[in-house]
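Here the structure is laid out as structure tokens; the discussion comes afterwards.
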Amino acid sequence: MQAIADKKGVKRYLISLTVNGDEYSPVIKGNTLLVNLLRDELDLTGTKKGCELGDCGSCTVLMNGKPVDACLVLALEADGSEIITIEGVARHGELDRLQRSFIDNAAIQCGYCTPGMILSAKALLTRNPHPTEPEVRAAIAGNLCRCTGYVNIVKAVLDAAEVKA
Amino acid sequence: MIPSTPADQKPKSIPRAYSHPGLPEPADKNYAVIGKSKPKIDAREKVTGQARYTADLKFPNMLYGKILTSPHAHARILSIDTSEAEKIPGVKAVITHKDVPTLKYGIAPARWDENIFCIETVKFVGDKVAAVACIDEETCYKALKAIKVEYEVLPAVLDPLHAMDADAPQIHPEYPLNKNTEIHQNFGDVDEAFRKADYVRTDFFIGNRTYQAPLEPHTATSIWQDGKLTVYSSTQSPHYFQYYIAREFGLPMGNVRVIKTYVGGGFGGKLEPTGLEFGGAVLARLTGRPVKMFYDRAEMFAHNRGRHRQYMKLTTGVNADGRILGVHADFIMDGGAYTSLGIASAYYAGAMLTLTYDFENYRFDMNRVYTNLPACGAQRGHGAPQPRYAFEAHLDNIAKELGIDPMEIRLRNARKPNTITPNEFVVNSCEMVACLEQARDLSGWADKKGKLPAGRGIGVATGSFVSGAGYPIYRTDLPQAAAMIKVAEDGTAATLYTGATDIGQGSDTVLCQMAAEAMGYTYEQMKIVAADTETTPHDFGAYASRQTLMSGAAVKEAGEEVRKQLLDMAGEMLGLPAEQLDVRLGKISAKENPETALSFEEAARTFFVKKGPLMGRGSYAPPKLGGKFKGAPVGTSPAYSFAAQVSEVEIDEETGVVTVLDVWDVHDCGQVINPALLHAQVHGALYMGMGESIWEEVRFDAKGKIQNPTLGEYRLPTALDMPRVHSSLVPSYEPAGPWGVKEVGEGATLPTMGCFRNAIFDAMGVSVNSLPLTPEKVWAALREKRKANGEDVWDPLACECFLE
Amino acid sequence: MFLPDFDYYAPESLTEAIGLLMQLGPSARVLAGGTDILVKMKSGLLAPSALVSLKNLHELRRIRWDADRGLVIGALATHNEICNSAVVQERFLSLAEAAHKLANNQIRNRGTIGGNLVNAIPSADLPPILIALGAYVTLKGSDGSRTLPVECFFTGVSRCALEPEREILTEVVIPPQETTGSTYLKFGLRQSGALAVVGVAAAVTMEGDVVRDARICLGAVYKTPTRAIQAEQILVGKRWNNNLLEEAGRAAVGCCLPISDIRGSAEYRRDLVRIFTRRALKCAITKGHV
């Protein structure tokens with residue numbers, strides 16, 4: 001990985017990663033977190049910050065298909081990886097069935113947890129197309145929601161699982 | 001607990017029943033748009049990540065700002081040296097109290113007690129001392145570290161029960177004995193009621209300090225250009241922000257524009273402007289650049305304004321069949337270092353106790369005290385949920401003593417429609433009895449009560465809440481709400497302009513449904529511009545569960561004005577009197593002859609060509625409400641929701657772990673506008689109530705520092721912690737609300753804590769008299785009970801130790 | 001929140017990684033999943049001058065069964081890789097279950113077994129079951145490697161036997177054994193994302209109803225995960241019944257020294273040790289698999 005130091009000796013690193021299918025090669029400081037790279041550099045603000053400590057899951061993105069907290073991943077650690085953010089879930093303006101299902105089941109209130117929820121659920125349905133209710137709850141237990149009591153979110157994920165992909 | 005003091009009001013007799021003069025219930029409720037589960041108007045933006053919250057906004061040349069806060073609970077500021085911070089490259093401004101207005105502010109006008117930055121003393125860990133504006137976030141943190149503040153640490157008040165001691169440290173010199181709010185209300189003759197009672201009981205309960213914990217941390221971006229201040233904020237009320245920001249800086253309100261972005265939840269915590277708005281405005285003025293200020297999660301906890309911890313003594317006299325004759329509520333609440341919305345919280349704590357059960361004699365004594373802890377304010381249900389927990393628990397104790405089923409004692413006392421509470425709240429619609437009966441039947445109460453296997457229990461509790469506060473937070477003759485609707489030139493769209501504030505609860509959606517219904521239009525063609533003080537008409541915002549009824553009434557009026565103008569035009573076009581026409585879902589037709597038809601679009605377009613823009617206006621002000629005694633306005637409302645909850649729990653008798661299996665919530669909330677969103681409100685309110693019941697509590701160390709300022713250690717319940725939730729409704733119509741609506745968003749938080757306590761009480765016969773009802777407290781209560789029963793209880797502290 | 005500045009290295013081999021650690025000196029740290037160290041750095045508890053990322057050391061990610069050595073888990077295996085591993089589920093299901101009880105799904109996708117051990121917090125979920133199953137770790141340094149039972153690995157709160165400026169924990173090995181049943185029971189205050197208030201792991205070797213061997217390890221109730229030797233001794237050679245297990249539970253309380261904190265009082269934790277030791281033993285004895 002290429003690195004250059006500024007005049008104070010703080011290094012910048014050139015990384016390459018794929019975000020929502022697009023390749024990027026940003027130059028970043030070592031302490032740049034993936035969540036900040038996405039939000040501040042790439043303007044993908046659908047990835048939210050709620051706690052910055054891995055408690056809330058608002059910053060969940062898929063890293064090589066797996067949900068991770070982007071606040072606990074150094075951007076450097078994402079070098080060479082494939083990232084999917086909420087902006088990459090709908091294709092050509094067409095909503096994913098999970099997105100559709102969140103709307104149809106009134107599973108959205110303030111919407112702040114929604115991007116992370118949808119990505120956690122998407123990873124679940126990819127791995128396990130017909131989950132049980134406890135499996136759905138376990139899959140989204142790292143995504144806190146303060147508005148819905150999870151009732152309609154769980155329903156929305158189960159509903160999306162019922163629909164043939 | 002304070003001794004009860006002589007009341008400052010003379011007992012008097014008030015009428016207890018009346019009949020409401022409002023709109024009668026329509027016979028035909030064949031609504032076209034309301035009553036239907038329309039998808040949220042902002043859903044697509046939210047599921048695709050397009051919805052922009054304040055922290056997502058970027059402006060050209062924008063700076064980032066942060067606030068330096070106090071590390072001490074109580075200390076004198078000896079000096080502040082900002083010179084090192086100013087030298088750091090990228091630091092554009094550093095400000096302290098010397099650089100900002102010193103006018104004290106607060107959301108409650110009776111006690112303006114907060115400064116933008118502390119001047120002489122800091123009053124809690126997290127109090128505001130200075131702020132910086134820098135080119136990026138990282139530089140902000142470095143600059144904050146470089147500010148040197150010398151403090152002289154002072155003794156702190158951390159225990160609210162000793163805040164009023166004569167030798168306690170004084171927090172605000174102007175409020176002796178740390179008394180922030182003192183209330184003594186007396187209605188009827190409580191002493192006489194107790195004398196007449198067959199049974200008088202006193203119980204004591206303690207609440208918990210909880211926090212709204214909206215998922216979105218608060219952010220505000222200020223732009224100060226050419227004497228005009230624009231603030232983008234994560235706010236529940238653009239109006240109160242505008243009013244108080246203008247006041248602080250001596251600006252005309254017209255030169256302060258507050259714009260709500262998408263808001264990631266509020267629950268009461270984002271109702272008042274914060275240091276982010278005040279400090280950000282000054283930094284924006286000094287630097288001439290937009291400044292984005294933000295709290296991280298720990299700073300959110302420190303700013304707080306969450307639920308007060310209350311110490312609640314309740315005495316109730318009943319006759320032998322359980323009828324309540326009189327109640328005395330004697331409370332202390334920990335207010336924290338500032339007033340916030342706490343005066344109202346203090347009044348609400350007692351005022352709302354009179355709603356669900358009908359009794360004549362009531363006394364309420366309260367002291368809200370200052371402590372050197374973060375300020376408390378309004379959290380979902382305001383001051384009411386903890387007293388409601390206490391009262392529901394107290395009532396179950398009474399029922400048990402008298403041998404009356406808890407459901408039965410509630411049915412015997414349940415409030416009826418068209419009645420007046422002892423503190424002079426007028427209750428129009430009230431289906432308390434129906435709620436209890438339905439909750440009883442849905443939960444299978446009769447088959448479960450006293451018949452569940454060991455370790456299982458079932459409990460019931462009630463709740464009631466305002467549908468909008470009868471009076472705004474500061475004294476003004478502004479109407480509660482206003483709305484405008486502008487129909488597009490060709491009639492294919494209409495835009496609702498409203499100051500109502502959608503913070504996730506769905507007011508944008510519900511108000512568009514109401515506008516479409518009133519206009520005879522479709523929801524799908526509605527657009528909305530909301531919560532921007534410059535482009536939308538006045539509204540007080542999202543608090544006190546006010547928007548469906550109050551903003552809705554204004555929207556209905558605006559929609560009806562559009563409809564009338566439209567039908568007049570259609571009448572001209574069709575050569576028929578307008579009274580003979582109807583419009584529904586965008587189709588105008590003659591009532592007698594549906595063949596004669598015209599589209600909304602055609603009529604609207606013609607209107608525009610002939611008469612100019614087709615617009616409707618509406619506003620809403622409630623009638624004068626409430627009595628004349630001190631504090632009488634708090635708790636008044638045009639209408640009250642009612643709810644009953646039943647929960648079934650299972651308890652691990654060894655560990656004290658409480659597993660909630662099912663909760664049934666039955667609500668009387670008047671006409672429903674959007675059933676899907678309504679039930680979602682119940683789910684969320686219940687979730688919050690449940691979190692506060694079993695898990696959540698802000699805890700402090702011996703120096704007043706929060707021990708658990710993270711969502712993990714504060715323990716927001718996860719998807720795996722939630723029980724099965726059953727939300728249902730009873731038919732109801734409220735004459736004071738547009739189409740008969742009432743509130744739902746806060747009411748469902750009220751019964752939950754008491755309901756769980758009562759289910760535990762039913763299962764194990766032990767009472768947990770403080771919140772949250774943690775496993776450890778249940779464990780301790782069970783051990784006490786076993787000891788009291790003479791059982792051999794193994795002592796884990798007395799065993800042999802094998803460690804060196 | 002922000003992270004202090006640091007230099008970053010992502011060596012391609014273990015030798016290179018160890019060389020870097022020695023060259024960079026004591027203020028450098030190894031970065032595995034990052035779920036603990038980044039939190040500490042954000043909270044201002046740690047400000048390493050350099051992070052040496054192990055992300056390219058793919059050989060440390062493997063989980064495999066070796067007939068002689070047993071289950072060999074590379075230090076970089078994530079918690080979810082452990083829960084979902086067929087070989088872990090087949091050989092030591094209780095370890096897979098313990099890994100599943102840890103934190104939440106996102107953290108389990110990043111956090112590693114090596115990091116969980118080196119972080120050395122008393123409430124960690126993996127150490128009790130690893131100790132009960134007699135696991136050991138391999139620590140690799142410039143001059144060779146050493147192995148250490150997990151039981152001897154922890155030296156205090158957030159302290160362990162690893163020498164961070166010259167060693168890397170490379171694998172965790174659970175030897176083949178005759179254990180007939182094992183389990184890890186966690187008592188946390190939420191169903192997900194909660195630290196253990198008490199964790200108890202038990203592994204037993206049964207001959208019919210007779211306990212031939214028992215190993216009990218307690219988490220979150222001492223400065224390190226700790227064996228409950230006296231409780232084990234009560235069981236060995238005896239035919240099990242509920243009273244015996246209760247006796248062992250009470251003895252286990254004598255093997256711990258919990259503190260009172262915001263998650264629970266010492267008294268409560270001690271009673272929980274009794275309850276969960278008994279329950280863990282019963283589960284290990286009756287469930288019929290390891």
Side-chain angles (χ1 to χ4, degrees), chain A residues 8 29 31 36 39-40 43-56 58 85-90 93 95-96 98-115 117-118 134 136-154, chain B residues 37 39-40 42-53 55-58 136-138 212-217 262-267 296-297 503-506 674 676-677 679-688 690-691 710-714 716-722 724-725 727:
Chain A
K8 281 181 287 175
K29 278 182 68 188
N31 64 357
N36 293 342
R39 288 177 52 82
D40 300 341
D43 213 15
L44 296 169
T45 52
T47 304
K48 302 300 180 198
K49 279 192 196 178
C51 72
E52 302 177 74
L53 294 172
D55 286 328
C56 77
S58 303
T85 70
I86 189 65
E87 289 88 348
V89 174
L95 296 184
D96 184 88
L98 262 166
Q99 293 171 312
R100 192 76 260 158
S101 183
F102 268 60
I103 297 174
D104 294 343
N105 285 285
I108 311 148
Q109 287 190 35
C110 83
Y112 206 77
C113 75
T114 308
M117 279 289 178
I118 288 177
V136 171
R137 289 184 181 272
I140 62 166
N143 296 82
L144 296 177
C145 169
R146 193 56 161 165
C147 298
T148 64
Y150 310 100
V151 179
N152 289 350
I153 292 176
V154 171
Chain B
S37 293
K40 269 174 86 98
D42 51 10
R44 190 184 172 97
E45 280 188 283
K46 285 179 173 173
V47 294
T48 53
Q50 296 304 306
R52 292 213 158 206
Y53 299 76
D56 302 337
L57 302 177
K58 270 188 190 171
D136 57 27
E137 190 176 338
E138 190 173 334
Q212 293 95 348
L215 219 46
E216 179 212 15
Y262 278 109
V263 174
F267 314 109
D296 66 22
R297 183 52 61 183
I503 55 174
Q505 82 284 42
N674 186 315
L677 296 192
H679 291 297
Q681 281 299 301
V682 172
H683 301 155
L686 201 145
Y687 166 81
M688 193 167 274
M690 178 160 172
T710 64
L711 297 177
E713 287 295 347
Y714 178 69
L716 240 51
T718 72
L720 286 167
D721 297 301
M722 276 298 282
R724 290 183 291 263
V725 175
S727 165

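Given the structure is predicted, the values throughout are model-derived calculations rather than measurements. Within every chain, numbering begins at 1; the chains are lettered A, B, ... in the order of the sequence lines, protein sequences first and strands thereafter.
No donor-acceptor pair closer than 3.5 Å links the side chain of A:Arg146 to the backbone N or O of B:Pro214. A donor-acceptor contact shorter than 3.5 Å links the side chain of A:Tyr150 to the backbone of B:Pro717. The backbone N or O of B:Ala680 sits less than 3.5 Å from a side-chain atom of A:Gln109, completing a donor-acceptor pair.
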Derivation of the side-chain hydrogen bond (donor to acceptor under 3.5 Å, both in side chains) call for A:Asn36 and B:Glu137: CA-CA 11 Å; A:Asn36 293 342; B:Glu137 190 176 338; 5.2 Å; no
Residues A:Lys48, B:Asp56; criterion salt bridge (charged side-chain N to carboxylate O under 4.0 Å, His left out); working and verdict: CA-CA 9 Å; A:Lys48 302 300 180 198; B:Asp56 302 337; 2.4 Å; yes
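One distance of note links CG of B:Asp42 with CD1 of A:Ile108; it measures 7.5 Å at 0.5 Å rounding. Distance check, rounded to the nearest 0.5 Å: CE of B:Met688 to SG of A:Cys147 gives 7.5 Å.
Between B:Leu215 and A:Cys145, the closest heavy-atom pair is CD2-CA, 4.3 Å. The nearest pair of heavy atoms linking A:Asp43 to B:Lys58 is OD1-NZ, 4.3 Å. Of all the heavy atoms in A:Asn152 and B:Ala676, the pair that sits closest is ND2-O, 4.4 Å. The shortest non-hydrogen separation linking B:Val47 to A:Phe102 is CG1-CB, 4.0 Å.
Among A:Ala106, A:Gly50, A:Cys56, the residue with the largest count of heavy-atom pairs under 4.5 Å with chain B is A:Gly50. The most heavy-atom pairs under 4.5 Å with chain A, out of B:Met690, B:Gln505, B:Arg724, B:Arg52, come from B:Arg52. In terms of heavy-atom pairs under 4.5 Å with chain A, the best-connected choice from B:Pro39, B:Ala43, B:Gly265 is B:Ala43.
With a 4.5 Å cut-off on side-chain heavy atoms, A:Glu52 and B:Asp296 count as touching. Using a 4.5 Å cut-off on side-chain heavy atoms (C-beta onward), B:Thr718 and A:Leu144 make contact. Two residues are said to be in side-chain contact when any heavy atoms from C-beta on lie closer than 4.5 Å; A:Thr148 and B:His683 fail this criterion.
For the pairing with B:Thr48, the side chain to side chain contact (heavy atoms under 4.5 Å, CB included) check across A:Leu95, A:Asp96, A:Ile86 returns one residue only, A:Leu95.
Heavy-atom distances place no part of B:Leu686 under 4.5 Å from chain A, backbone and side chain included. In this structure, the portion of B:Gln212 lying under 4.5 Å from any heavy atom of chain A is its backbone and not its side chain.
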